[in-house]
Each structure stands twice: as structure tokens, then as C-alpha cells.
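Heads up: the structure comes next, in C-alpha cells.
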Amino acid sequence: MTTNASDLTRTLEALREEALRALDAAESEERLEAWRVAYLGRREGKLTLAMRQLGALSPEARPAAGAAANQVKLALDEGLARRQEALKERALERMAQAQRLDVTMPGRPVPLGRLHPTTQMLREVLDAFTSMGFQVAEGPEVELDRYNFELLNIPKGHPARDMWDTLWIDHTDANGERPMLLRTHTSPMQARVMEKTEPPVRVVVPGKVYRYENTDATHEWHFHQVEGLAVDEGITFANLKGTLYEFARRIFGPERRVRFRCDYFPFVEPGVDMAMDCFMCKGEGHLRSGGRSQPCRVCKETGWIEIMGAGMVHPRVLEMVGYDPQKYTGFAFGLGVERIAMLKHGIDDIRLFYANDVRFLRQF
Ligand code: DAH
């Protein structure tokens with residue numbers, strides 16, 4: 001086979017053009033590698049094959065054609081390197097784009113919860129009493145008849161038991177004692193605390209209580225109470241009054257007045273119901289607006305709001321826990337936490353506290 005120098009040079013030129021065009025179309029590492037094999041591959045590369053034909057040229061034609069072939073080879077090598085570089089750069093750019101972070105962007109808000117209105121009220125009530133020297137104690141919600149009733153001077157079969165609609169539990173405690181129940185009030189802690197302590201006692205007991213009761217706007221089958229107990233030598237009704245008066249003023253405002261009326265609870269004597277003048281109508285029973293008078297709904301036109309039961313601890317109660325009623329006297333009180341919160345915030349349905357509706361909860 002004779003090889004013509006100018007034919008070979010033309011072939012090389014055409015090859016250069018074709019190869020560089022193909023190079024521009026190679027969009028990936030794999031395509032680039034395929035291109036390299038196709039043109040520069042040692043065995044079957046198109047340029048390799050063309051260069052092999054140099055040997056068939058006449059010695060005079062060979063140097064010029066050889067130089068031309070080398071230039072094409074150089075051009076392809078350079079083209080390959082450039083293309084490789086470009087592809088690498090593009091990949092880096094894409095990566096940077098994906099990881100781009102704008103440090104000037106505002107942070108995403110973290111949703112923050114808040115305390116339940118009952119918890120807030122509970123803490124406020126406890127703060128008022130602890131700042132007057134009371135300690136906080138908690139007791140069991142599943143309680144013995146003995147503490148919930150008997151040690152509070154409410155013996156079995158006593159009609160006063162009807163004051164507390166009770167959820168009884170078919171269960172025996174660790175010492176084999178029964179009957180058990182869900183505590184109907186926080187008062188059982190009076191006996192539990194006194195059994196374990198010598199006077200003086202100043203304690204408040206927050207906690208959940210249960211009643212076998214139909215629910216409506218003012219009744220729930222469970223709610224929270226705070227019990228209070230102070231026992232020492234020489235405690236009088238004046239101490240009870242002073243303490244609870246101070247409490248009312250702290251929670252409902254310094255201008256509050258209080259009223260005590262006789263009430264019956266088997267564990268106190270005398271027993272009272274404490275009320276304060278209505279903070280809405282200032283004890284008037286009606287609200288005046290623009291010369292006209294409107295009935296006050298908060299106190300139901302009475303001017304007074306009942307906020308808790310209280311009294312002087314019954315001597316029998318002291319006796320039953322082993323205190324000498326000749327030496328010690330005391331006062332006790334119990335209040336409903338949701339009721340206080342309802343009064344304070346103007347909430348008209350106790351069921352809202354347990355409905356878990358954030359539209360309600362967010363308001364506190
Ligand atoms: N335990 C009573 C109840 O749940 C409230 C109460 C009244 C508690 C008078 C007392 C008290 O400590 O002295 O209805």
C-alpha cells in the first residue's frame with residue numbers, strides 16, 4: 001500500500017476537527033473516557049491508526065507529515081485536559097450550589113410551649129402561702145378510706161360522707177388495708193403529715209382530686225385543690241383570718257375584703273366558708289356603665305364570691321393522730337385551683353381546662 005503524504009495530512013486535519021467537535025459533546029467522565037479510547041487509544045484509537053501510516057511514507061515526506069501529526073496529537077491531548085478540567089469545575093460548582101448556606105437568613109422559630117393555666121394558678125397559690133412560711137407536701141391520689149374519711153372525723157356510715165361523691169377502688173394497699181378510693185379532697189394529707197411530724201406544722205398540699213360526678217360548666221370529675229394546715233400552741237381563729245385575708249389580697253388585689261360565714265365540715269370546728277368581695281363589681285352586685293346599671297355575673301349579683309372552706313382543726317382530728325388537743329390548736333383550709341383561676345381570668349366553663357384546645361391554652 002502506498003501512502004500519499006498530502007492524503008495523510010488531510011486525513012489528520014479532518015480527524016482533528018471531528019475529534020474536537022466530539023470532545024465538546026462529551027458531558028460526563030464516562031463519555032470523556034470513551035472519547036479518549038476512540039481517538040487516542042493505543043490499539044484502536046483513530047489518531048493512533050493514522051500515525052501508524054507515517055511509516056509507509058517516503059523518507060522525504062515523513063518529517064513534515066510527522067510534525068503535522070504531532071500537532072494534531074498535541075491539540076487532542078490539550079483538548080482532553082481542558083475538557084476534564086471544565087467538567088471537574090462544573091461538578092464542584094454544582095456541589096457548592098447544593099450546599100449553599102445563607103447566613104443572613106433569619107432562624108426558624110422554635111415553637112415554645114407554656115404552662116397550663118391550672119399549673120400557673122397552682123404555683124401562684126403556693127407562692128402566696130410559701131412566702132408566709134408554709135411548706136409544700138404532696139400525697140397519694142389513690143387513698144385509703146381511713147385517711148380520706150375516718151381520720152378526718154367522718155366515720156363509716158356517717159351521713160357527711162354524702163358531701164363527697166366517691167370513686168371507690170377495688171384494691172388493697174401494701175399492708176393489706178382497704179377500702180381504697182380516689183381521694184375526694186386533699187384533706188387526707190392533714191392526717192398523713194401530722195402522723196409523721198411533731199408540731200409546729202405549717203403545710204400546703206397541692207394535688208388532683210376526684211369526684212363521682214356529672215360534669216357541667218362548674219363541675220369536673222377531677223380537678224385540683226390546695227389544702228392548708230397550721231398547728232401549733234396558741235393558734236387562734238385570728239391566725240386563720242389573717243392568713244387567708246392576706247392570701248385573698250395577694251391573688252385578687254390589695255383592696256379585697258373578706259367575709260367568713262359558718263359552714264359545716266366534720267374535720268373543723270367551727271367551720272367556715274370564706275368569701276371575698278367581688279373584684280368585678282367591687283362588692284356592689286351590679287356594674288355601672290354610662291349611667292346604666294347591669295347585673296354582675298361574676299358574683300351573681302351578691303357582691304361576694306366564695307373561695308374556700310376553712311376552720312379550726314377539730315380536737316378529734318388532733319387526737320386521732322396523737323396530738324394533745326389541750327396543748328395544740330390549728331386551722332385548716334381547702335380551695336379549688338380551677339375555681340380560683342376561673343374567677344381570676346373570667347373563665348366560665350371548668351371543662352375548658354381539660355379540653356386540650358390550644359386556642360384556649362394559648363391565652364394564658
Ligand atoms: N376538703 C373540703 C372539700 O373538699 C374543703 C375544706 C374545707 C378543707 C374546710 C379544709 C377545711 O381543710 O378546713 O370540700
Side-chain angles (χ1 to χ4, degrees), residues 122 125-126 129 134-141 143-154 158-167 181-194 201-213 218-232 235-245 247-248 258-276 305-318 320-321 323 325 328-340 350:
L122 196 59
V125 169
L126 293 180
F129 287 112
F134 285 78
Q135 288 181 292
V136 178
E138 289 183 277
E141 291 173 24
E143 187 51 285
L144 284 163
D145 179 292
R146 191 154 61 91
Y147 288 107
N148 197 84
F149 290 126
E150 286 185 48
L151 290 173
L152 289 168
N153 199 29
I154 316 168
H158 195 287
R161 288 200 174 206
D162 292 350
M163 288 168 73
W164 295 275
D165 299 299
T166 309
L167 286 156
L181 45 78
L182 291 179
R183 66 177 176 195
T184 59
H185 47 186
T186 41
S187 305
M189 271 301 276
Q190 289 190 24
R192 282 185 180 274
V193 168
M194 287 191 284
V201 170
R202 277 169 186 71
V203 73
V204 276
V205 183
K208 210 183 222 181
V209 302
Y210 301 82
R211 302 272 169 97
Y212 180 60
E213 198 145 38
T218 53
H219 297 86
E220 256 292 358
W221 66 272
H222 63 173
F223 55 97
H224 293 78
Q225 284 189 337
V226 171
E227 188 80 12
L229 176 70
V231 182
D232 203 348
I235 288 201
T236 70
F237 198 89
N239 298 123
L240 178 159
K241 261 180 134 170
T243 305
L244 298 185
Y245 179 39
F247 165 76
V258 293
R259 178 191 74 182
F260 292 92
R261 293 194 303 184
C262 284
D263 202 349
Y264 172 66
F265 302 99
F267 34 93
V268 283
E269 180 60 33
V272 294
D273 147 291
M274 175 175 136
M276 61 182 185
I305 300 170
E306 292 165 13
I307 55 173
M308 67 173 104
M312 299 305 291
V313 181
H314 198 291
R316 285 279 300 142
V317 171
L318 296 175
M320 282 187 279
V321 295
Y323 283 10
Y328 297 112
T329 50
F331 67 84
F333 56 89
L335 59 84
V337 179
E338 285 85 352
R339 178 168 162 73
I340 302 287
I350 193 173

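Every number for a ligand or one of its atoms is a count from 1 in the order of the listing.
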Within ligand 1, which atoms have a heavy atom of [X] less than 4.0 Å away?
X	value
Phe265	7 (C), 9 (C)
Gly311	13 (O)
Ser187	1 (N), 8 (C)
Gly309	7 (C), 9 (C), 11 (C)
Gln225	3 (C), 4 (O)

key: Centroid-centroid under 6.0 Å between Phe247 and Phe129 rings   = yes

remark   = Paired with Arg192, the salt bridge (charged side-chain N to carboxylate O under 4.0 Å, His left out) test is passed by just one of Glu227, Glu143, Glu138, namely Glu143

Within less than 4.0 angstrom of ligand 1, does [X] place any heavy atom?
X	answer
Met308	no
Phe267	yes
Arg211	yes
Gln190	yes

key: Salt-bridge present (Arg316, Glu269; N to O < 4.0 Å)   = no

key: OG1-CG distance between Thr329 and Asp232, expressed to the nearest 0.5 angstrom   = 7.5 Å

request  = Quick one: pull up CD in Gln135 and CG in Leu126 and give me the separation to the nearest 0.5 Å.
outcome  = 12.5 Å

query = Which protein heavy atom lies closest to atom 12 (O) of ligand 1, and at what distance to 0.1 Å?
reply = Glu227 OE2, 2.7 Å

message = How far is atom 14 (O) of ligand 1 from the closest protein heavy atom, and which atom is that?
response = Trp164 NE1, 3.5 Å

remark   = What one should report as the nearest heavy-atom pair of Thr186 and Pro206 is CG2-C, 4.4 Å

ask   = With under 30° as parallel and over 60° as perpendicular, where do the rings of Phe267 and His185 fit, or are they tilted in between?
value = perpendicular

note = Min over Gly271, Ala332, Gly330 of heavy-atom distance to atom 13 (O) of ligand 1 lands on Ala332

Cation-pi, Phe223 ring and Arg211 (6.0 angstrom, 45 degrees) = no

